[in-house]
Amino acid sequence: MKSELTLLTDPVFLVLLRMIHLLELQSVVLCAGPEAVNVTCEETYPHSSMDWFNQCSRMEKAQSFIVNILPDCFIVGCPYLAVHLSPAIPVFAVLLFVFVMAMLLRTSFSDPGVLPRALPEEANFIEMEIEAANGNVLAGQRPPPRIKNVQINNQIVKLKYCYTCKIFRPPRASHCSICDNCVDRFDHHCPWVGNCVGKRNYRYFYLFTLSLSLLTIYIFAFDIVHVALRSVDSGFVNTIKETPGTVLEVLVCFFTLWSVVGLTGFHTYLISLNQTTNEDIKGSWSGKNRVQNPYSHKNIIENCCEVLCGPTYPSVLDRRGVMLEDSTSPTPSDASAASTHKSSNPVSQTTKSSAPLIPNEHTPDEAKPSIGAGTQKSTSSPKEEKPPSPTSPNAVAPAVIKESAH
Amino acid sequence: CSCVSLIGDRSRSEFSTADSDGASKAPVLPRFHNLQELRHSASLANKVFIQRDYTDGTVCKFQTKFPSELESRIERTLFEDTVKTLNNYYAEAEKIGGQSYLEGCLACLTIYLIFLCIETRYEKVLKKISRYIQEQNEKVYAPRGLLITDPIERGMRVIEISVYEDRGSSGSSSGSSTTSSSGR
């Protein structure tokens with residue numbers, strides 16, 4: 001036990017350093033949503049969105065906190081609590097810690113629901129439709145904005161055109177400027193996990209914040225119990241002398257609690273209303289002009305069930321695909337969604353992936369070099385096939401390409 | 001209405017002067033017996049994209065509106081049947097009910113490691129869909145010179161239908177000109 005104490009009771013200096021780091025992280029936690037991100041940091045060269053090395057460095061922030069601080073303060077008190085109270089206490093803490101790490105890795109390395117960029121034929125098809133809908137635009141006049149109106153649950157929802165991905169974004173999708181991809185059911189880009197949070201990994205993100213809150217509360221509580229029990233035996237001042245790390249870490253946990261529990265509470269609120277952070281920040285369904293959330297079931301339990309217990313959506317990203325610069329034909333892709341995606345070699349940044357598609361990943365902890373859809377450069381290549389003659393655009397009754405005067 | 005000359009080694013292709021539904025337009029239609037023949041002796045003329053239908057929310061559903069480019073190629077009912085069946089498959093995959101709750105809870109308890117062993121329901125349905133599309137291509141679409149691409153290969157955004165013309169044919173369909181891609 002002595003060796004553990006000397007090994008793990010950090011000098012005050014190191015703990016203070018970590019506290020500073022922690023405060024730095026806390027300021028980042030509360031900044032969510034694409035508006036908070038510097039949109040102008042678009043690189044002039046195409047970059048792969050989920051590069052293995054960047055992923056690691058961003059995730060390090062979250063990991064350094066969880067791995068370094070939380071267990072340290074607990075490991076000091078473990079033997080004491082195990083002996084005096086129950087061995088189940090550290091065991092449960094370890095289980096919870098493993099769960100937190102698994103959720104963090106799963107959130108960080110899973111595809112959030114990236115929508116691949118449109119292949120040239122599809123992009124051309126959509127362009128033809130838009131041009132047909134817009135009619136003749138006089139020279140010098142700005143063409144109308146590319147918006148489609150769709151009626152969902154008696155609510156008109158606008159689908160915007162993404163100029164980067166060359167698609168009309170599905171409802172609730174948004175383009176993340178950091179990842180440079182459109183993400184389905186875009187929530188926010190989380191710097192802690194170094195990944196976007198979207199349709200596919202929102203529940204892992206929520207479970208991560210929830211379990212982290214529980215872990216922090218648990219450690220906070222039992223650290224206090226530890227200090228209290230020792231104080232009963234040997235007095236408070238002696239306890240601080242014996243285990244200064246524990247006392248300091250109690251303070252750290254106390255400050256951490258507010259941000260992590262706050263974030264969990266915020267997301268619980270969003271889930272109960274079936275909203276995303278992005279929609280909340282933009283005030284899409286804030287009730288002005290009687291605009292209601294068309295996706296909400298108006299029932300908290302149903303909303304929670306849909307978000308947390310919904311089906312596991314497949315990934316449509318081809319992480320290993322190589323984009324042919326001047327090709328207009330679709331690159332061959334393995335469309336089997338059931339096969340496990342295992343990769344051992346991180347692909348270099350010069351390899352850009354093409355639009356679709358790939359095997360769904362199964363394992364949460366397997367490290368995958370994830371190269372998201374890079375920028376397509378083949379839009380200017382000569383058209384091989386004549387695009388379909390401009391007939392009437394998607395004239396399905398509710399979905400009309402609306403021309404709005406600028 | 002132009003004549004089509006048969007090229008010797010493609011003796012199995014038949015050219016009919018009338019559609020199966022009796023429409024009198026586009027008298028020249030390449031007919032292929034199977035997928036291999038389609039791929040080997042036809043050239044891609046056109047691609048039609050069936051877009052998503054978002055009127056029911058974010059569930060995966062495709063529009064059943066019959067595109068005009070296919071009017072002379074396939075019967076409306078066959079096309080609508082295919083799209084409706086696909087929509088039903090996707091609805092089954094995305095259904096939120098007892099099984100999805102069970103799967104979700106079980107997966108959560110095992111830290112999602114259970115997906116190493118079992119397949120999710122969505123994946124099972126995707127396999128069914130891919131088998132269905134393969135079957136439809138073989139039985140219905142390839143004989144008409146069409147080919148459906150599985151939506152999963154296009155990011156679940158569109159159903160891409162490739163329209164093939166017989167290589168060397170000077171016929172046209174729906175006003176699109178035949179462009180021959182590089183020969184094999």
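The figures that follow rest on heavy atoms only: side chains count, while hydrogens, waters and symmetry mates do not. In what follows, every chain begins at residue 1, and chains take the letters A, B, ... in the order their sequences are listed. Just so we're clear, the structure is a prediction, and the values are computed from it rather than from any experiment.
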Trainee: Distance from A:Ile167 atom CD1 to B:Arg154 atom CZ, nearest 0.5 Å?
Mentor: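 A:Ile167 atom CD1 to B:Arg154 atom CZ measures 14.0 Å (nearest 0.5 Å).
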Trainee: How about B:Lys124: does its NZ atom have over 12 heavy atoms from other parts shown lying under 6.0 Å from it?
Mentor: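 More than 12 heavy atoms, drawn from other residues, nucleotides or ligands, come within 6.0 Å of this atom.
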Trainee: Can you measure from CD (B:Glu94) to CD (A:Glu306) and round to the nearest 0.5 angstrom?
Mentor: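 B:Glu94 CD to A:Glu306 CD: 10.0 Å, rounded to 0.5 Å.
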Trainee: Restricting to non-hydrogen atoms, name the atom on A:Arg106 and the atom on B:Tyr112 that form the minimum distance, rounded to 0.1 Å.
Mentor: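 Closest approach of A:Arg106 to B:Tyr112: NH1-CB, 3.8 Å.
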Trainee: Can you give me the closest heavy-atom contact between A:Ala102 and B:Ile111, atom names plus distance?
Mentor: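 Residues A:Ala102 and B:Ile111, closest heavy atoms: CB-CG2, 2.9 Å.
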Trainee: Side chain from CB out, backbone as N, CA, C, O: work out which of these in A:Leu308 comes under 4.5 Å of a heavy atom of chain B, or both, or neither.
Mentor: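 Answer is neither: A:Leu308 stays 4.5 Å or more from chain B.
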Trainee: For the CD atom of B:Glu123 and the OH atom of A:Tyr313, what is their distance to the nearest 0.5 Å?
Mentor: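 Between B:Glu123 CD and A:Tyr313 OH, I get 14.0 Å after rounding to 0.5 Å.
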Trainee: Provide the closest heavy-atom pair for B:Cys108 versus A:Phe99 in the form atom of the first, atom of the second, distance.
Mentor: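 Answer, listing the atom of B:Cys108 first, then A:Phe99: O-CE1, 3.6 Å.
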Trainee: Stepwise, does the side chain to side chain contact (heavy atoms under 4.5 Å, CB included) test hold for B:Phe115 with A:Thr312?
Mentor: CA-CA 10 Å; B:Phe115 291 141; A:Thr312 38; 3.9 Å; yes
Trainee: If you look at every heavy atom in B:Gly155 and A:Leu115, which pair is closest and at what distance?
Mentor: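 For B:Gly155 and A:Leu115, the tightest heavy-atom pair comes out as O-CD2, 4.5 Å.
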Trainee: If I take atom OH from residue B:Tyr54 and atom CG from residue A:Leu159, how far apart are they, to the nearest 0.5 angstrom?
Mentor: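 The distance works out to 6.5 Å.
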Trainee: Just do the side chain to side chain contact (heavy atoms under 4.5 Å, CB included) check on A:Glu121 and B:Phe49 with the steps written out, would you?
Mentor: CA-CA 9 Å; A:Glu121 296 105 0; B:Phe49 295 94; 3.8 Å; yes
Trainee: Near A:Ile300 CD1, under 6.0 Å, is it more than 12 heavy atoms from other residues, nucleotides or ligands?
Mentor: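 Open: at most 12 neighbouring heavy atoms sit under 6.0 Å from CD1 of A:Ile300.
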Trainee: Side chain, backbone, both or neither: which part of B:Ala107 has a heavy atom under 4.5 Å from chain A?
Mentor: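 Nothing of B:Ala107, per the 4.5 Å heavy-atom cut-off to chain A.
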Trainee: Say whether, by atom type as modelled, one donor and one acceptor occur between the side chain of B:Thr55 and the main chain of A:Val150 under 3.5 angstrom.
Mentor: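 Looks like no, no N/O pair under 3.5 Å.
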Trainee: Can you spot which of B:Thr120, B:Val125, B:Leu126 makes a side-chain contact (heavy atoms from CB on, under 4.5 Å) with A:Pro314?
Mentor: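 Result for side-chain contact (heavy atoms from CB on, under 4.5 Å) with A:Pro314: B:Leu126.
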Trainee: At a 4.5 Å cut-off on heavy atoms, which part of B:Glu103 comes close to chain A: side chain, backbone, both, or neither?
Mentor: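 For B:Glu103, the contact with chain A is made by the side chain alone.
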Trainee: Can you tell which part of A:Arg185 gets under 4.5 Å to a heavy atom of chain B, answering side chain, backbone, both or neither?
Mentor: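 Looking at A:Arg185, nothing touches chain B.
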Trainee: Would you please test B:Glu160 and A:Phe125 for side chain to side chain contact (heavy atoms under 4.5 Å, CB included) and show each step?
Mentor: CA-CA 11 Å; B:Glu160 184 183 293; A:Phe125 184 85; over 6 Å; no
Trainee: Output the distance between atom CG (A:Asp184) and atom CE (B:Met156), rounded to the nearest 0.5 Å.
Mentor: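 Going from CG on A:Asp184 over to CE on B:Met156, the span is 9.5 Å.
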Trainee: What part of B:Cys60 is in contact with chain A, defined as an atom under 4.5 angstrom from a non-hydrogen atom: side chain, backbone, both or neither?
Mentor: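 Neither part.
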Trainee: Grab the two heavy atoms, one from A:Cys309 and one from B:Ser100, that are nearest each other, plus how far apart they are.
Mentor: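 In terms of heavy atoms, the two residues are closest at O-OG, 3.2 Å.
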Trainee: Who are the ring-ring contact (aromatic ring centres under 6.0 Å, His included) partners of A:Tyr295, not counting sequence neighbours?
Mentor: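 With sequence neighbours excluded, A:Tyr295 shows a ring-ring contact (aromatic ring centres under 6.0 Å, His included) to A:Trp285, given in chain and number order.
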Trainee: Contact between B:Ile152 and A:Val316 at the side-chain level, heavy atoms closer than 4.5 Å - yes or no?
Mentor: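 They are in side-chain contact.
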Trainee: Give a yes or no on whether the backbone of A:Pro116 and the side-chain of B:Arg157 come within a donor-acceptor separation of less than 3.5 Å.
Mentor: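 At least one qualifying donor-acceptor pair exists.
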Trainee: Checking A:Pro171 against chain B: side chain, backbone, both or neither under 4.5 Å from a heavy atom?
Mentor: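 For A:Pro171, backbone and side chain are both near chain B.
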